[in-house]
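Take this structure, written in structure tokens, and hold onto it; I'll ask about it next.
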Amino acid sequence: MYEGVVQDLIDELGRLPGVGPKSAQRIAFHILQADPVDVRRLAQTLNEVKAKVRFCSVCGNVAQDEQCRVCRDPRRDPSVICVVEESKDVVAIERTREFRGRYHVLGGAISPIDGIGPEDLRVKELLARLADGTVTELILATDPNLEGEATATYLARMVGSFGLKVTRLASGLPVGGDLEYADEVTLGRAFEGRRLLDV
């Protein structure tokens, strides 16, 4: 639609997850109108991210050093590992300030449709972490969708011989939601995960 590098920029932005053609066009024109100093800073930051950021050698979370800050923190409980799909899930859980254990980032979820099997995830690394017997509880915090459930079920079977307490995050109704808008699966999970009220 546009000439040369402008169209190339729109095409490249459109390849980003969650960025459709109109958003890509809007971002491209924002970049064209931005101050050259801001554009250089953005380009420099993108280059630095690719050069400096790596994955933690222990858990697979994003890190600037060999290990991420969670794995380096001696105050974290090494006997509890929370398994998540992506690094962004670590950030979400950390915001709650409820979890004081360690993490293991799989790098995705089992999805046969997308051609992603257990061998494409960091499952071997997880099993290696469990081998020394330090871990007593494994929390499976994969997404509550078909792929996340398949991944959690697969992992629960794989670690069955380790004698661990294997738990799954509760799922159900969101705070502030209405029952009439909840789907059957969510409502069913809410009933399964109901708890006793302290009165």
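Remember, it's a predicted structure, so these values are computed and weren't measured experimentally.
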Is it true that a side-chain atom of R76 and a backbone atom of F99 form a donor plus acceptor pair closer than 3.5 Å? yes

Taking the side chain as everything from C-beta on, heavy atoms only, tell me whether T151 gets closer than 4.5 Å to L155. yes

Report, one line per pair, each donor and acceptor closer than 3.5 Å where one atom sits in a side chain of residues 139-146; sequence neighbours left out.
from, atom 1, to, atom 2, distance (Å)
T142, OG1, G148, O, 2.8
T142, OG1, R168, NH1, 3.0
T142, OG1, R168, NH2, 3.3
N145, OD1, E147, N, 3.3
N145, OD1, G148, N, 2.7

S57 side-chain N/O to E66 backbone N/O, donor-acceptor pair under 3.5 Å: yes

On a heavy-atom basis, the closest approach of V39 and A34 is CG2-CB, 3.9 Å

Around E3, counting heavy atoms of other residues, nucleotides and ligands shown, do more than 12 lie under 6.0 Å from its CD? no

Compile the donor-acceptor pairs under 3.5 Å between side chains in residues 101-114 and protein atoms, sequence neighbours left out, one pair per line.
from, atom 1, to, atom 2, distance (Å)
R102, NH1, C71, O, 2.9
R102, NH2, D73, O, 3.3
Y103, OH, E94, OE2, 2.5
H104, ND1, R129, NH1, 3.2
H104, NE2, R122, O, 2.7
S111, OG, D114, OD2, 2.9

Looking at side-chain heavy atoms only, is the closest gap between D8 and E12 below 4.5 Å?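 They are not in side-chain contact.
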
Contact summary for V123 and P118, nearest pair of heavy atoms: CG2-O, 3.7 Å

Do the side chains of L121 and V84 join up, straight or via other hydrophobic residues, at under 4.5 Å, putting them in one cluster?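 No, no single cluster joins them.
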
Show the nearest heavy-atom pair for residues M158 and L127, with the distance to one decimal. CE-CD1, 3.6 Å

Hey, what do you get for CD (Q67) to SG (C59), rounding to the nearest 0.5 Å? 8.5 Å

Quick check on R72: does its CZ atom have over 12 non-hydrogen neighbours (other residues, nucleotides or ligands) under 6.0 Å away?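 Buried by this count: over 12 neighbours within 6.0 Å.
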
What about V90 and V80, same hydrophobic cluster or not, with Ile/Leu/Val/Met/Phe/Trp/Tyr joined at side-chain heavy-atom distances under 4.5 Å?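 The answer is yes; both residues are in one hydrophobic cluster.
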
Once you round to the nearest 0.5 Å, how far does CZ of R100 lie from CG of D77?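 One finds 10.0 Å between CZ of R100 and CG of D77.
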
Closest heavy-atom pair, A28 versus L13, reported as atoms and distance to 0.1 Å, is N-CD1, 3.6 Å

In the structure I gave you, are the side-chain heavy atoms of C82 and I93 within less than 4.5 Å of one another anywhere? yes

Can you tell me how far apart CD (Q25) and CG (L9) are? Round to the nearest 0.5 Å. 11.0 Å

Side-chain (N47) to main-chain (Q44) donor-acceptor, under 3.5 angstrom: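 No; zero donor-acceptor contacts below 3.5 Å.
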
Pairwise distance OG1(T136) to CG(L138) - rounded to 0.5 angstrom: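 Going from the OG1 atom of T136 to the CG atom of L138 covers 10.0 Å.
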
Given side chain to side chain contact (heavy atoms under 4.5 Å, CB included), test R40 with V37 step by step and report yes or no. CA-CA 5 Å; R40 275 194 297 277; V37 173; 3.7 Å; yes

Mind checking whether F55 and I81 sit in one hydrophobic cluster, side chains of I, L, V, M, F, W, Y counted as touching below 4.5 Å?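 Different clusters.
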
Hphob cluster co-occupancy, L169 + L164, side-chain heavy atoms under 4.5 angstrom: no

Any link between V6 and I27 through a network of hydrophobic side chains (Ile, Leu, Val, Met, Phe, Trp, Tyr) touching at under 4.5 Å?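 Different clusters.
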
